[in-house]
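In this text, all values refer to a predicted model and were calculated from it rather than measured experimentally.
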Amino acid sequence: MLRELAGLVILLFIAAGCSKPKPIRIVDDAEIDAMRSAILGAAEANAHKKCLRAPLRGEASEGPADQEMLSLLDREGTLGSCFAAVDRLDTDLSQKSDSSDGIPELLQKLHDHESSSNGSFSLSPQEQEQLSAIVSSCEALPSMLSKAASHENACSPYLPGRRPMGAALPEALRIAKGALVLSHTLAEAGEHLQGVQLLLDVVRFGHDLGRGGTSLVEPMLGVSMQSICTPELDGQLESLTPEELVTVETQLSALVATQPHPSVYQQALPAEFSLYYILPAFEPDDWTPPGGYPEGWERSNVMTGEPGSVERQGLVLTWIALTRSATELAELCPTGSPMKACIENSAQHSKRISESASELSVAGLVKQLAKTKSKARHAIREQIIGIMAALSLPSYQKYYRRIAESKVGLVSLRHKVHTLAALASGEPCPISGSFEEPGLAPKIETEGSVQTLTQPSWLRASSSQPDRVLARITCAPPRLNQQEPTLP
């Protein structure tokens, strides 16, 4: 979208006659130098950034978590055979059914069968063999996840300027699926706490992938990793001992408290795009950005143009618009603001854009610019940049919602653990929810001996969408205080 928008503006400049006989100047070198310094300064800061958060358990490891995280994502490294085994089973399952969700769906069916003693489902010999292959080839995964999660300093290794977004990021989903199989195997062996903690380490790894301010790719992968793990995690909670429930509740509270706020991602897309596809146009051909170029990058992808030309000015306007859009996003979803406010502000912003900003409105302004004297051009330039800023980035509403859904999901799991621990200590059901984050509390409905937790209504994408069930808790109904009958 960004490249197409810049190209459109350049064509409009040329069509309107802004390049004849002498290009109209609406940007100056000082503006370019200031933006260049800002981008390189941010990249330098990211290279040395620290993102501190306490480990879920045990002593904190020294230094940053970068190398341990990169080792986990290395398809040619220790986990290469693990990823291959996961892919084989996933591929075979998808070939059997186009609608199959692969390994997560298979394990959910297996869990449902084991819970209900329903004999209608069984693994094929090939599936049993492939699951065993995952268990043996992914043997190193739990310790590698635990080691990565043990660092107190855990920025994403893919911050702009630290290193470019990795081509190995899809391996993150294979990590989650491999851990899912291992966790299920641990549960079958009665090692429920180890199985649960393995999945909590996956969730923490997903959070760390975006920690510090990456583009949206990494946090969305983290959300998907949590979605893969949640059904198995939920299913194992009722098998924990009272002491283990207290331990897991503490760790879930830590995950809720340290999940990155979406505001940290809003600056990264403009930074990445500028660093790899705009700034090189202003540097020598042999220049390399801090951290290097992304895999597969080619100089032909860089927007170019001679200094002073309309092509160069269209490029700079795109650059300015990207910076403005990041500032506007920060106003829509400030650091620490409630997730509900971020979603609602973004929805209103998207509606305003659809009603007022369009490529046609840019075309009209460019034509007006070509006929306007230099002193009046700044106001028109600002209008063009405003519309470009509105059009240059996708609506963040759906991304805010997905991040909020993942956090509400963790809050719901924590409430389930809290309830199970309370029941184990003899408290009657229902257990009231004590939520530290009231804005993220799920809706709780009690019917008979079942408590149902559903997502809050503000998380629905549309009014017709039903509230999604997050968890169910079955418990004995509360005892009634009945008086002894009076003897005559």
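Leu275 approaches Pro280 most closely through the heavy-atom pair O-CD, 3.5 Å. Across Thr78 and Ala140, no two heavy atoms sit closer than the pair CG2-CB, 3.9 Å. Of all the heavy atoms in Val181 and Val135, the pair that sits closest is CG1-CG2, 3.9 Å. Residues Gly161 and Ala47 approach most closely at O-CB, 3.9 Å, considering heavy atoms. When all heavy atoms are compared, the tightest approach of Val408 to Pro456 is CG1-CD, 3.8 Å. Here the shortest heavy-atom pairing between Trp458 and Gly439 reads CZ2-O, 3.2 Å.
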| message | Using the rule given for salt bridge (Lys or Arg N to Asp or Glu O under 4.0 Å), can you reason through Asp234 versus Arg472, listing the C-alpha separation, both sets of side-chain angles and the distance that settles it, and then say yes or no? | response | CA-CA 9 Å; Asp234 180 47; Arg472 285 191 174 90; over 6 Å; no

| Trace of the side chain to side chain contact (heavy atoms under 4.5 Å, CB included) decision for Gln455 with Ser412 | CA-CA 9 Å; Gln455 66 180 17; Ser412 299; over 6 Å; no

| said: If you apply the rule salt bridge (Lys or Arg N to Asp or Glu O under 4.0 Å), what do you find for Glu105 with Lys109, and how did you get there? | reply: CA-CA 6 Å; Glu105 182 179 330; Lys109 289 179 179 178; 3.4 Å; yes

| task | Apply side chain to side chain contact (heavy atoms under 4.5 Å, CB included) to the pair Ile175 and Leu73, showing each step before the final yes or no. | result | CA-CA 8 Å; Ile175 288 172; Leu73 294 164; 4.0 Å; yes

| message | Please determine whether side chain to side chain contact (heavy atoms under 4.5 Å, CB included) holds for the pair Lys416 and Leu470, giving the CA-CA distance in whole Å, both sets of side-chain angles, and the decisive distance to 0.1 Å. | response | CA-CA 10 Å; Lys416 181 169 183 174; Leu470 301 173; over 6 Å; no

| query | Should Leu233 and Leu200 be marked as a side chain to side chain contact (heavy atoms under 4.5 Å, CB included) after you check the CA-CA gap, both sets of side-chain angles, and the distance that decides it? | reply | CA-CA 8 Å; Leu233 185 57; Leu200 295 182; 3.9 Å; yes

| request: Determine, stepwise, if the pair Asp201 / Lys147 fulfils salt bridge (Lys or Arg N to Asp or Glu O under 4.0 Å). | output: CA-CA 10 Å; Asp201 283 344; Lys147 190 174 181 181; over 6 Å; no

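Looking at Met144 and Ser71, their side chains come closer than 4.5 Å, going by heavy atoms from C-beta outward. Looking at Gln108 and Asp101, their side chains never come closer than 4.5 Å, going by heavy atoms from C-beta outward. The side-chain heavy atoms of Arg204 and Arg53, taken from C-beta on, include a pair separated by under 4.5 Å. Side-chain contact between Ser183 and Val196: absent, with no pair of heavy atoms (C-beta onward) separated by less than 4.5 Å. For the pair Ile343 and Leu459, the minimum side-chain heavy-atom distance is below 4.5 Å. Two residues are said to be in side-chain contact when any heavy atoms from C-beta on lie closer than 4.5 Å; Asp74 and Leu79 fail this criterion. Residues Ile134 and Thr185 are not in side-chain contact: their nearest non-hydrogen atoms beyond the backbone lie 4.5 Å or more apart. Contact check for Tyr265 versus Pro260: side-chain heavy atoms found under the 4.5 Å cut-off.
Take Ser61 and apply the side-chain hydrogen bond (donor to acceptor under 3.5 Å, both in side chains) test, not counting sequence neighbours, and it matches Ser150. Shown here are the ring-ring contact (aromatic ring centres under 6.0 Å, His included) partners of Tyr400, two or more places apart in sequence or in another chain: Tyr396.
Here the straight-line distance linking atom OG of Ser215 with atom CZ of Phe273 works out to 13.0 Å at 0.5 Å rounding. Atom OH of Tyr158 sits about 7.5 Å away from atom CG of Leu209, to the nearest 0.5 Å. Between Gln197 atom CD and Leu186 atom CG the span is 10.5 Å, to the nearest 0.5 Å. With values rounded to the nearest 0.5 angstrom, Glu238 atom CD is found 6.0 Å from Thr474 atom OG1. Between the OG1 atom of Thr250 and the CG atom of Leu255 there is a distance of 11.0 Å, given to the nearest 0.5 Å. Atoms CG and CD, on Leu413 and Glu249 in that order, are 12.0 Å from each other to the nearest 0.5 Å.
Of the possible polar contacts, none joining the Arg75 side chain to the Gly80 backbone as a donor-acceptor pair under 3.5 Å is found. Using modelled atom types, one side-chain atom of His151 and one backbone atom of Glu62 make a donor-acceptor pair closer than 3.5 Å. When atom types are taken as modelled, the side chain of Asn46 and the backbone of Pro160 share a donor-acceptor pair closer than 3.5 angstrom. When atom types are taken as modelled, the side chain of Ser136 and the backbone of Ala133 share a donor-acceptor pair closer than 3.5 angstrom. A donor-acceptor pair under 3.5 Å links the side-chain atoms of Ser337 to the main chain of Pro334, judged by distance alone. For the pair Thr91 (side chain) and Asp87 (backbone), a donor-acceptor distance under 3.5 Å is present. No donor-acceptor pair closer than 3.5 Å links the side chain of Lys443 to the backbone N or O of Leu453.
Applying the disulfide (SG to SG under 2.5 Å) rule to pairs touching residues 158-239 yields nothing, sequence neighbours excluded. Screening residues 139-197 for disulfide (SG to SG under 2.5 Å) gives Cys51-Cys155 as the qualifying pairs, with residues at least two apart or on separate chains. Screening residues 282-294 for salt bridge (charged side-chain N to carboxylate O under 4.0 Å, His left out), with sequence neighbours left out, gives Arg36-Glu283, Asp285-Arg299. For the salt bridge (charged side-chain N to carboxylate O under 4.0 Å, His left out) condition, the pairs that include at least one residue of residues 122-142, sequence neighbours left out, are Lys96-Glu127.
Classification of Arg211 and Asp208 as a salt-bridged pair holds, one side-chain N sitting under 4.0 Å from a carboxylate O. Between Glu171 and Arg174, at least one side-chain N (NZ, or NE/NH1/NH2) sits under 4.0 Å from a carboxylate O, which counts as a salt bridge.
Using modelled atom types, one finds a donor on one side chain and an acceptor on the other under 3.5 Å when comparing Glu232 with Gln236. For the residue pair Glu244 / His192, no side-chain donor-acceptor distance below 3.5 Å is found, with atom types taken as modelled. Side-chain atoms of Thr454 and Glu445 include no donor-acceptor pair closer than 3.5 Å. A side-chain donor-acceptor contact under 3.5 Å links Glu328 and His349.
For Trp319 and Tyr277, the distance between ring centers is not under 6.0 angstrom.
Ring planes of Tyr293 and Trp287: perpendicular class, angle over 60° (limits at 30 and 60°).
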